[in-house]
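Start at 1 and go down the list; that is how both ligands and their atoms are numbered.
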Amino acid sequence: MSKILIIGACGQIGSELTYRLREIYGDANVVASDISYSNLDIVNSGAFEILDAKDYNAVKICVEKYNIDTVYLMAAMLSATGEKYPMRAWDLNMNSLFHILNLAKDGFIKKIFWPSSIAVFGPTTPTENTPQHTIMEPTTVYGITKQVGERWCDYYFKQYGVDVRSIRYPGIISWKTMPGGGTTDYAVEIYHKAITDGHYECFLSEHTKLPMMFMDDAINATVSIMQAPSETISIRSAYNLAAISFTPEEIANAITAHIPEFKITYKPDFRQQIADSWPKSIDDALARKDWSWDHKFDLKQMTEEMLSQLQKKYASSEKVS
Ligand code: AKB
């Protein structure tokens, strides 16, 4: 049975990954960690360690303490926050990856999941059906760290045989934990605001189309690539991954079908330029071929699930207060 460490377990994807991996491998085999106690559900739901992903010795001590063989490195500074703190984004995103790659190279761990992103692409990349192998000239610090990280993952696999696996996540939409600091965050905020305020002011313009995915699909993809036999993984940088693409206007229309009085207005800010540099849709044929990836949620199903889960969540928090 593998012993798993999740770094960045309190975040949007890390938290749901922790729940799923505990279901699959058992609570005793999945250690959650983060820089602070920011998600009490995660902190109280099993083994939890305070861990700074930038601190090599602290990560190594944690790996040895729990006999960890597999690490999911989910800690990162995302695209919008990265533009505010470029050096901090570089420091966190690159050094955390090097620490884990070096722990694997030196035999302390056996397997790594490290997420990449559609942010590896830039304005010179073909925007529709973006191929796996194409021009990559990212314009954000986050995108640069993910592109460079991909090259290092491929290098560590080829030079040292490190079993590292990665996917280029699109924007991820979920209801349990809020995202933080990304350009695609609007597609989560909009559901919350539709329920709490009946109105959302979007920081992207109405026709900005971006690749997106519901959390359940993202977690399924992550588990699938990690469970796939090593010889089926033909890409050791990061796989393109796709589900749905939509604009703020389209997601607002999907919400209006359930909440007719919902209104959206648009006030694009600095994140518009980031969104404009990213693809509109992604060709993920290789992931579908190599490890049988398939998505389940379209915009309509995702909207039904988001609204019904958030309505329950807000109703129960009203009862408590
Ligand atoms: C972001 O918007 O920065 C992230 C991403 C697409 O990687 N959600």
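Close contacts between ligand 1 and Thr183 involve ligand atoms 1 (C), 2 (O), 3 (O) [criterion: under 4.0 Å to a heavy atom]. Numbered from 1 in the order shown, with element, the atoms of ligand 1 that lie under 4.0 Å from a heavy atom of Leu78 read 3 (O). The contact set between ligand 1 and Trp278, taken as ligand atoms under 4.0 Å from a residue heavy atom, comprises 1 (C), 2 (O), 3 (O), 6 (C).
In terms of N/O distances under 3.5 Å, ligand 1 is not approached by Asp185.
The cluster map of Ile, Leu, Val, Met, Phe, Trp and Tyr, joined by side-chain heavy atoms under 4.5 Å apart, puts Leu299 and Leu210 in the same cluster.
With respect to Glu49 and Lys65, a salt bridge is recorded, a charged nitrogen being found less than 4.0 Å from a carboxylate O. Ion pairing of Asp269 with Arg271 is present here, as a side-chain N (NZ or NE/NH1/NH2) and a carboxylate O approach within less than 4.0 Å. In this structure, Lys193 does not pair ionically with Glu201, as no charged nitrogen and carboxylate oxygen lie closer than 4.0 Å. Ion pairing between a basic and an acidic side chain is recognised when a charged N comes within 4.0 Å of a carboxylate O; Glu304 and Lys300 show such pairing.
In this structure, the protein non-hydrogen atom closest to atom 8 (N) of ligand 1 is Thr184 OG1, 2.9 Å. Of all protein heavy atoms, the one closest to atom 6 (C) of ligand 1 is Ser117 OG, 3.6 Å.
Looking at every heavy atom in both residues, Thr134 comes nearest to Phe121 through CG2-CE2, 3.6 Å.
With a 4.0 Å heavy-atom cut-off, ligand 1 is reached by the backbone of Ser79 and by its side chain too.
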